[in-house]
Amino acid sequence: MRFLAYLLGVSIVMWGRPVQAQEENASTASKEELEQVKEALLGVSESATEYRGYVDALRKIKVTGYLQAQWRFTDVTTPGSGASHEIGRFSGGAFPANVKNHFAVRRGRVKVNYDNVLTQFVIQIDAIQTGLSIKDAYLAVTEPWLKSFGFQMGIFDRPFGYDVSYSSSMREAPERSRLFQTLFPGERELGAKVFFAPQLGPLSMFRADVGVFNGSGPTSNEYDNYKDLIGRAALQIPIGSEGMEIDLGVSGYLGAIRNNTRYLYTSGTMANGDRGFVVDSSASNLGDGVARTYAGVDAQLYLDVPALGGAVLRGEYVFGKQPGTSGSPSTSQTVSPSSQISGSIYQRNFAGWYATYIQNLGTRDQVVMRYDVYDPNTDVTAPDFLSSNTSGAAGLTASDIRYSTLGLGLIHHWDENVKFVLYYEFVRSEELANITGSPAGLLAYASDVKDNVLTFRVQYKF
Amino acid sequence: MKKTILAAMMFLLVIVPALSEETITVKGSDTMVILAQRWAEKYMQAHKDVVIQVTGGGSGTGISALINGTTDICNASRPMKPSERDKLKARYGSRGVEIKAAMDGLSVYVNESSPVTELSLQQLKGIYTGKITNWSEVGGPNARIILYGRENNSGTYVYFKDNVLEGEDYVSSMQSLPGTAAVVNAVARDKNGIGYGGAAYGKGIRELKMKKDAASPAYPPTLENIRSGDYPVSRFLYLYVRNRPTGTLKEYIDWVLGDDGQKVVTEVGYFPIR
């Protein structure tokens with residue numbers, strides 16, 4: 001208020017100046033008025049200095065956010081039953097029973113970052129129709145000498161691969177690939193990491209992160225004493241001087257979860273000679289750690305397509321061992337658990353990959369194509385599923401079925417804040433032609449399950 | 001009939017040329033804003049069908065505008081940061097095209113009446129981090145040093161902090177001003193003042209000679225000294241565009257890098273890149 005009062009005072013003095021000059025002795029009036037103006041300006045200057053301190057302090061607080069409202073449609077005949085129970089789970093959430101289309105707020109994020117250059121405090125919440133949840137809550141400290149090494153602790157993205165840390169507000173497809181949603185549900189995790197990320201010089205093309213995490217997901221308390229070591233090293237290599245670049249990354253995950261029984265199932269040949277699981281029931285398995293290990297490579301190629309604009313070809317491949325449970329036709333039991341597994345643990349060898357192509361059309365429009373594959377059990381293929389090996393504790397289940405998804409989409413950036421996304425996913429599961437008669441749950445997979453999803457999304461980002 | 005013909009002619013004379021006008025928006029570094037305005041003026045004089053709109057705001061602001069799609073060219077007095085490149089890549093599939101358009105010797109000014117003529121980088125760092133507070137510590141009179149500098153959205157602020165202060169924080173008593181011209185004006189009025197900014201603004205006050213360390217010779221910010229690297233506080237001034245420039249944008253950038261554009265660089269007081 002004081003600042004405005006000074007400004008008003010200065011304005012009045014300056015505005016009134018020509019009228020007074022006609023009526024008073026010019027030289028005397030000028031001196032007096034100049035003194036008044038000088039005093040007023042000094043006051044303004046003092047106030048400005050005072051307010052500048054407040055403004056500088058406020059500048060450290062950065063509030064950002066985005067809201068994604070969407071309408072989805074699926075071609076499934078009877079949503080919410082049997083094999084169709086999980087329709088849409090990897091396309092923005094499972095459709096409710098008997099619902100083929102619906103509106104939802106997929107993400108409503110608000111992020112507050114107190115950025116003191118070399119130290120940071122970050123909180124991000126997600127507000128959607130089902131409630132509030134914490135997405136990020138961490139602090140970060142960068143050393144002041146080289147400003148290249150840092151430390152971060154709290155809830156934040158796991159440093160594995162490219163897709164995990166790629167913001168949902170920037171991602172072209174509405175959701176991450178099935179591979180990453182399975183391995184890293186929620187993307188974040190409780191833990192601590194160190195990073196090397198030079199901002200200047202030739203080393204700025206390199207970044208490395210490595211951390212130790214609970215391994216229980218972003219919102220659950222730790223349920224065992226096993227901690228997971230996760231890391232990624234990445235290199236950015238410019239190509240020429242036309243904005244092109246290739247980025248490469250390698251990632252690793254060394255973790256384990258506690259076995260709360262003496263039973264550990266791994267892929268193998270069943271007693272009847274069929275592919276399935278074999279059980280190790282050693283007493284020493286109780287309380288032992290079951291390995292959760294992943295390795296991955298990723299690459300992003302940024303191209304300049306004449307007359308169209310920038311293009312991106314992005315891909316990742318991940319393989320490893322994933323602990324889970326037996327499974328059922330209705331729920332994927334290979335999604336990384338967020339709570340303790342009380343029953344027998346099934347350890348599967350998995351592999352998955354995706355490739356995405358994004359073509360900019362000018363500065364406002366984009367076309368996106370993504371193909372992703374997730375095979376939760378690489379030791380079996382569709383012909384291995386038989387009526388004779390798909391029942392009992394050692395049998396194969398729907399959690400061993402391979403999925404592939406082709407997504408095609410259009411994006412229009414309305415302005416710097418708003419974008420529209422139209423995206424259709426052709427979801428294809430392995431066709432289990434050798435399942436005849438039983439088990440009933442797997443009969444639905446004899447041909448591709450109807451589970452394609454159309455998403456229309458509007459995003460506002462600030 | 002005559003009215004119809006007249007209207008058609010008016011349409012052809014007024015509307016059609018207006019529709020064919022091409023606009024280039026330029027945003028970013030305050031250090032470069034006068035240079036960019038001169039470039040724009042000269043170019044528009046020779047190219048009546050092109051409109052170039054120039055605004056400042058700071059290098060960071062310009063880079064944000066490039067990412068948000070609200071400017072065609074970003075002027076920056078510092079290189080783009082990796083985090084900024086990542087945003088550009090995510091949005092446009094391009095790491096951005098960096099064009100070195102001029103060189104700048106970052107000048108350090110004192111009031112004309114000051115007896116101090118040169119400083120080492122260590123002394124300058126000491127002054128701006130608050131370790132040196134009196135002119136007598138660097139060969140001047142017994143008087144408190146009054147510090148002037150740029151606001152933190154400025155590329156000059158960042159460059160000075162990274163390269164002179166070696167990442168340390170500015171002392172809180174430094175008065176942040178919204179442009180290099182304001183820094184020059186403040187130092188010109190303050191016999192105990194010191195400030196920094198682009199060479200283009202260095203008229204009416206004394207530019208100090210700078211030396212790399214106490215044992216090195218001191219050099220003024222001249223073209224030869226900046227190109228040779230003897231003057232220790234020099235930098236490139238950049239233009240950034242999202243993708244390989246084409247059409248009118250390319251013609252304008254080619255002109256900036258050509259003889260006419262580089263002549264403007266010299267006229268404004270910066271240093272041509274070739």
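When reading the values below, keep in mind they use all heavy atoms of this one structure, side chains included, and skip hydrogens, waters and symmetry mates.
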Which value, rounded to the nearest 0.5 Å, describes the distance between [X] atom [atom1] and [Y] atom [atom2]?
{"X": "K89(B)", "Y": "Q236(A)", "atom1": "NZ", "atom2": "CD", "value": "3.5 Å"}
{"X": "D86(B)", "Y": "S167(A)", "atom1": "CG", "atom2": "OG", "value": "12.0 Å"}
{"X": "N68(B)", "Y": "D415(A)", "atom1": "CG", "atom2": "CG", "value": "9.5 Å"}

Sub-4.5 Å side-chain heavy-atom contact between Q199(A) and P82(B):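 Touching, per the 4.5 Å side-chain cut-off.
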Contact origin within [X] toward chain B - heavy atom pairs under 4.5 Å:
{"X": "D247(A)", "value": "side chain"}
{"X": "P198(A)", "value": "backbone"}
{"X": "Q359(A)", "value": "neither"}
{"X": "Q300(A)", "value": "neither"}
{"X": "R59(A)", "value": "side chain"}

Contacts with chain A made by residues 229-239 of chain B (heavy-atom distance under 4.5 Å), listed by residue number: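 The stretch does not come within 4.5 Å of chain A.
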Proximal to chain A - members of residues 91-102 of chain B, heavy-atom separation under 4.5 Å: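 The stretch touches chain A at R91(B), Y92(B), G93(B), S94(B), R95(B), G96(B), V97(B).
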Neighbourhood of chain B inside residues 301-311 of chain A, taking heavy atoms under 4.5 Å as contact: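 Within residues 301-311 of chain A, the residues under 4.5 Å from chain B are Y302(A), L303(A), D304(A), P306(A), G309(A), G310(A), A311(A).
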Atom NZ of K191(B) with >12 non-hydrogen neighbours under 6.0 angstrom: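 No, not enclosed.
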T363(A) and R242(B): CA distance, side-chain angles, deciding distance, side-chain contact (heavy atoms from CB on, under 4.5 Å) verdict: CA-CA 9 Å; T363(A) 55; R242(B) 281 181 285 272; 3.9 Å; yes
Under 4.5 Å from a heavy atom of chain A, the part of T70(B) involved: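 Contact with chain A: side chain only.
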Within residues 169-180 of chain B or reaching into it, pairs that qualify as salt bridge (charged side-chain N to carboxylate O under 4.0 Å, His left out) - sequence neighbours excluded: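 Residue pairs with at least one partner in residues 169-180 of chain B: K161(B)-D169(B).
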Top contributor to chain B interface from N360(A), L118(A), V312(A), L146(A) [non-hydrogen pairs under 4.5 Å]: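 The answer is N360(A).
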Between E245(A), E416(A), Q366(A), the one whose heavy-atom pairs under 4.5 Å with chain B are most numerous: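 Answer, by heavy-atom pair count under 4.5 Å with chain B: E245(A).
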Heavy-atom pair of closest approach, residues K87(B) and M170(A):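 In terms of heavy atoms, the two residues are closest at O-CE, 4.1 Å.
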